[in-house]
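Ligands are counted one by one from 1 in listed order, and the atoms in each one are counted from 1 as well.
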Amino acid sequence: MRIGLLGLGTVGAGTYRVLARNQSLIQARAGRQIVITQVAVRDLARAAAIAGTDVALTTDPFSVVTDPDIDVVVEVIGGTTLAKALVLRAIEHGKHVVTANKALLAEHGSEIFAAAEARGVAVAYEGAVAVSIPIIKALRESLVANHIEWLAGIINGTSNFILTEMRSKGLSFDAALADAQRLGYAEADPSFDVDGIDAAHKLCLLAANAFGSTLQFQQIDIQGITELQVADMAYAEQLGYRIKLLGIAKRSDAGLELRVHPALVPVEHLMASVEGSMNAVMVKSDAAGITLHYGAGAGSEETASAVIADLVDLARTFGADAHQRVPHLAFQSQALHALPVLPMTELVGSYYLRFDLAEGDGDGVVAHALEQLVQTGVEVQSHALLLHHQDRARRAFTILTRPTRLAKLMQAVNRLQQLPHELGAPTVLRVEQLT
Ligand code: HSE
């Protein structure tokens with residue numbers, strides 16, 4: 001099976017290296033040789049240093065995707081403009097495509113999968129979601145018997161790495177992000193990682209596979225980690241929680257919840273132990289119950305492992321009838337529906353609120369705030385006066401609410417801020433029990 005590789009960056013170089021290193025093992029498993037015969041890059045000299053002289057290098061990716069000698073195109077250049085044009089051209093020319101490009105599929109997957117189906121070729125993307133974890137295979141194949149109730153994932157390695165470094169080593173946000181970039185975890189534009197967009201791209205693909213919904217990236221409620229303070233991590237820890245950036249998709253009779261946001265997770269929960277650049281996806285299904293899928297969430301060979309797994313899947317079914325392949329989004333395309341997505345303000349959940357107290361603010365302010373919350377109908381599960389983790393002269397007043405509609409909580413918070421005992425705007429984070 002002859003491969004045209006588009007891009008020799010972090011993932012491309014890893015794919016090249018692992019395929020070369022494990023060639024005979026992979027051939028024994030695939031039943032045929034998988035050979036990269038052409039590589040399209042921007043910098044030929046840099047590429048020659050990685051790929052040597054065994055392979056044809058070009059700066060023209062369109063010559064690769066239209067070459068009749070290429071069977072499968074591996075797209076690992078990233079971005080959504082050139083990558084989309086190349087993938088669609090490859091499909092038009094009857095090539096299968098393997099991609100690790102979650103942005104491309106979350107935003108243009110419907111068009112790309114439709115084109116592939118019409119042309120009878122496959123677009124495989126295991127490396128696009130939680131890199132090394134075979135979660136697309138798990139949803140599309142291993143869990144097909146189940147109604148899936150919800151899934152929750154730590155699905156951005158960079159932001160999990162940053163949160164872990166900030167909490168455990170006291171590193172600043174910027175220093176932790178710089179480390180993530182140096183280690184090759186971050187996207188070319190790291191705002192995708194820290195603003196929750198990369199996690200939302202992945203959640204979009206997970207939700208479609210879990211629920212048979214069409215790809216609805218624009219409907220996802222997204223909040224990143226840039227507003228988080230180390231103080232909140234320390235307060236959360238004192239209350240028995242750890243803060244994680246979660247992607248959550250949940251199905252109910254009313255519709256779908258699709259959201260990415262930082263959340264408090266009980267410290268004893270398995271998801272709280274997913275640290276550094278590791279990822280995990282927890283899936284709650286009606287027959288299988290809870291399954292937890294854990295592994296590396298970013299990295300060169302970690303992603304290459306998934307890209308090559310897709311290549312082996314293609315090699316094993318090479319030449320087979322298109323209808324014998326696993327459907328792109330787990331359901332036959334005619335069974336996909338645009339399920340209604342519920343607005344975040346209508347969702348019910350427990351929340352953590354943190355108010356910084358000014359010097360002199362005491363029990364009176366706290367009692368007053370609690371009274372106002374209760375009057376608005378927000379039930380308080382617990383509250384605490386906590387000392388700042390570094391500056392013991394600073395104190396915060398934290399509240400954990402009982403399950404409440406977010407719209408009602410926001411109403412209560414607005415009301416509180418209009419009172420004479422002026423409390424500043426609180427930090428509001430959702431609590432997720434994940435059971
Ligand atoms: N930037 C991504 C992450 C890479 O940090 O998770 C893997 O998709």
Side-chain angles (χ1 to χ4, degrees), residues 7 9-15 18 74-80 83 98-107 109 124-137 139 151-166 171 173-207 209 217 220 222-226 228 244-248 260-262 271 274-282 293-310:
T10 305
V11 180
T15 303
V18 177
V74 173
E75 183 278 305
V76 283
I77 56 172
T80 52
V98 173
T99 179
N101 191 336
K102 51 263 160 152
L104 175 68
L105 294 180
E107 291 172 29
Y125 55 95
E126 186 67 74
V129 185
V131 302
S132 69
I133 306 175
I135 187 63
I136 298 299
K137 193 171 270 287
L139 291 172
L151 60 84
I154 294 171
I155 45 180
N156 180 260
T158 300
S159 47
N160 202 43
F161 177 82
I162 292 172
L163 293 181
T164 305
E165 296 288 284
M166 286 171 74
L171 245 61
F173 180 92
D174 290 339
L177 173 58
D179 280 352
Q181 287 177 296
R182 188 176 45 77
L183 292 164
Y185 301 154
E187 294 302 299
D189 176 355
S191 68
F192 274 40
D193 295 295
V194 298
D195 289 340
I197 298 164
D198 177 75
H201 286 145
K202 295 165 182 165
L203 183 72
C204 171
L205 292 164
L206 290 173
N209 278 286
F217 173 67
I220 301 177
I222 308 172
Q223 187 193 339
I225 61 166
T226 52
L228 284 179
K244 292 288 172 193
L245 182 71
L246 296 180
I248 296 182
V260 171
H261 54 77
M271 292 290 268
V274 178
E275 295 278 60
S277 63
M278 300 306 281
N279 277 191
V281 182
M282 186 166 253
H293 311 256
Y294 171 86
S300 171
E301 294 199 0
E302 291 83 347
T303 314
S305 166
V307 168
I308 296 169
D310 279 342

Students should be able to answer this: which protein heavy-atom is nearest to [atom], and at what distance?
atom                   : value
atom 2 (C) of ligand 1 : E187 OE2, 3.1 Å
atom 8 (O) of ligand 1 : K102 NZ, 2.6 Å
atom 5 (O) of ligand 1 : T158 OG1, 2.6 Å
atom 7 (C) of ligand 1 : G297 O, 3.3 Å

Contact check: G157 vs ligand 1, nitrogen or oxygen atoms, below 3.5 angstrom: yes
N or O pair under 3.5 Å between Y185 and ligand 1: yes
Evaluation steps, side chain to side chain contact (heavy atoms under 4.5 Å, CB included), between L206 and I155: CA-CA 10 Å; L206 290 173; I155 45 180; 4.2 Å; yes
Could you tell me the separation between the [atom1] atom of [X] and the [atom2] atom of [Y], rounded to the nearest 0.5 Å?
X    : Y    : atom1 : atom2 : result
L177 : Q181 : CG    : CD    : 4.5 Å
L245 : D195 : CG    : CG    : 10.5 Å
E187 : D193 : CD    : CG    : 5.0 Å

Could you tell me, atom by atom, which parts of ligand 1 come under 4.0 Å of a heavy atom of [X]?
X    : answer
D193 : 1 (N), 2 (C), 3 (C), 5 (O)
V131 : 7 (C)
K202 : 2 (C), 3 (C), 6 (O), 7 (C), 8 (O)

Per-residue contact class, N279 against ligand 1 - non-hydrogen pairs under 4.0 Å: neither
Location of contacts on D198 toward ligand 1, heavy atoms closer than 4.0 Å: side chain
E302 and S132: side chain donor to acceptor below 3.5 Å: no
Parallel, tilted or perpendicular: ring planes of H201 versus F192, cut at 30 and 60 degrees: tilted
Set of ring-ring contact (aromatic ring centres under 6.0 Å, His included) partners for F173, sequence neighbours left out: none
Among T10, V307, V98, side chain to side chain contact (heavy atoms under 4.5 Å, CB included) partner for T15: V307
